[in-house]
Amino acid sequence: MVKVKTKLVSWDEIVSWSYGLALKIKESGYKPDIVIAVARGGYVPARLICDFLGVENLVSIQSQHWTEAAKKAERAIIKFQYRIDLSGMKALLVDDIVDTGESLMLARDFILREWKPKELRIAALQWISPVAKFKPDYYYMEVKEWTWFQYPWTRLEDTIQFMRRMLLEEGKTKKEWSYKDITGKFMEWYGIDVGELYFKSALEYLVKEGLLRKVCEDKYVLAK
Ligand code: ADP
């Protein structure tokens, strides 16, 4: 039984979804003078949209969610608050996904206030409509049931986190693991196969971190 609804996204899908998104923008008649990528998730789609729409100007803004452990309150912040002048320009803000949409809203407000474009529209590949706090002007796919999109640009990061979560839970009853045990359980939990390069790199990371100990060629022991 899959524990976390996850969709493994391929590079080919990214190209075709970005193309579809660019087409929607084109059909609406909006011709942006500049594209703004939201770092880090918006980089690849933003670059592809520039290509498909023939936009030469591309900048980025980094909006990130912080968890303040002490307060247990989450807030997003704009990192590197540089100022540029976009007056007279039509801008397009691009991100991979609108989940809660909080970091994107923060970026939008910052840009409108500090960079002052003539117009700003928002585009994302995915829009998770039941949880999003706003609807982007353009989206390629409306997602009605919350899903984790495992994009190719966060594959290692996600694999490490997914594997850690799974091992901490399953490790309560099973201490010794082979490579096959780990990857098999991973696929059972998440329903995706990220491939050997990512599985092995994530394992290496978790060994370095101290969660796992490699006792012989194909035997890992949970250290905690
Ligand atoms: P929040 O601000 O609550 O973290 P956002 O909707 O603003 O949520 O998303 C911030 C970034 O986190 C996204 O641009 C994306 O890179 C990543 N992200 C959030 N939700 C998902 C998801 N369901 N699948 C994949 N990536 C996600």
Side-chain angles (χ1 to χ4, degrees), residues 2-18 20-22 25 35-50 58-69 71-81 91-113 120-166 186 189-195 198 202:
V2 171
K3 297 210 180 193
V4 183
K5 191 162 188 269
T6 309
K7 156 84 181 132
L8 183 74
V9 182
S10 70
W11 283 109
D12 283 350
E13 280 171 314
I14 290 302
V15 174
S16 98
W17 296 353
S18 300
L21 183 60
I25 297 161
V35 167
I36 307 166
V38 180
R40 298 172 289 168
Y43 264 76
V44 176
R47 181 62 187 92
L48 289 169
I49 282 168
C50 284
L58 172 63
V59 292
S60 97
I61 185 161
Q62 185 156 19
S63 181
Q64 196 167 305
H65 229 121
W66 280 129
T67 306
E68 288 178 280
K71 286 188 196 159
K72 286 228 166 67
E74 280 200 355
R75 65 189 180 106
I77 56 150
I78 303 289
K79 290 172 130 186
F80 317 111
Q81 302 193 1
L92 182 72
L93 184 60
V94 178
D95 209 349
D96 47 5
I97 189 164
V98 181
D99 189 322
T100 68
E102 268 169 33
S103 41
L104 200 46
M105 285 195 302
L106 190 77
R108 177 198 60 197
D109 295 346
F110 179 84
I111 292 164
L112 288 173
R113 193 174 66 239
L120 180 68
R121 293 194 190 176
I122 298 180
L125 297 176
Q126 270 77 42
W127 169 47
I128 311 192
S129 53
V131 295
K133 291 183 177 161
F134 77 98
K135 180 181 179 179
D137 301 293
Y138 307 101
Y139 54 90
Y140 177 71
M141 193 186 284
E142 177 179 356
V143 180
K144 294 197 170 136
E145 196 185 329
W146 190 90
T147 305
W148 183 263
F149 284 81
Q150 205 308 286
Y151 298 115
W153 47 83
T154 51
R155 194 145 294 159
L156 181 56
E157 195 179 306
D158 287 355
T159 304
I160 292 169
Q161 280 190 29
F162 282 12
M163 206 179 260
R164 186 191 292 117
R165 196 190 311 168
M166 177 206 92
F186 184 100
W189 264 56
Y190 303 103
I192 61 169
D193 181 354
V194 296
Y198 287 101

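No hydrogens, no waters, no symmetry mates; every other heavy atom, side chains included, goes into these values. Quick caveat, the model's predicted, so the values are computed rather than measured. One-based numbering, in listed order, for ligands and for the atoms of each.
- Across all their heavy atoms, Tyr198 and Pro152 have their closest contact at OH-O, 4.3 Å.
- Heavy-atom proximity to Asp95, at under 4.0 Å, picks out these atoms of ligand 1: 14 (O).
- The heavy atom nearest to atom 21 (C) of ligand 1, considering only Trp148, Trp153, Phe149, Phe134, is found in Trp148.
- Remark: the backbone N or O of Gln150 is paired with a side-chain donor or acceptor of Arg155 at under 3.5 angstrom.
- The shortest separation from a heavy atom of Val143 to ligand 1 is not under 4.0 Å, leaving the residue out of contact.
- Taking a cut-off of under 4.0 Å to the non-hydrogen atoms of Trp146, the atoms of ligand 1 that pass are 23 (N).
- The closest non-hydrogen atom to atom 13 (C) of ligand 1, taken over Leu106, Leu125, Asp96, Val131, comes from Asp96.
- Proximity of Ile128 to ligand 1 is established by a heavy-atom distance of less than 4.0 Å.
- Below 4.0 Å from some heavy atom of Tyr151 lie the following atoms of ligand 1, by number and element: 25 (C), 26 (N).
- Here Asp99 has heavy atoms under 4.0 Å from ligand 1 in both its backbone and its side chain.
- Here the closest non-hydrogen pair linking Tyr190 and Thr6 is O-CB, 3.6 Å.
- The heavy-atom pair separating Asp99 from Trp146 by the smallest distance is OD2-NE1, 3.0 Å.
- Ile36 pairs with exactly one of Asp95, Ile122, Leu120 by the side-chain contact (heavy atoms from CB on, under 4.5 Å) rule, that one being Leu120.
- Applying the side chain to side chain contact (heavy atoms under 4.5 Å, CB included) criterion to Ala46, with sequence neighbours excluded, gives Val35, Ala37, Leu58, Val94.
- Side chains of Trp17 and Leu48 form no contact here, defined as non-hydrogen atoms less than 4.5 Å apart.
- The shortest N/O to N/O separation between Gly101 and ligand 1 falls below 3.5 Å.
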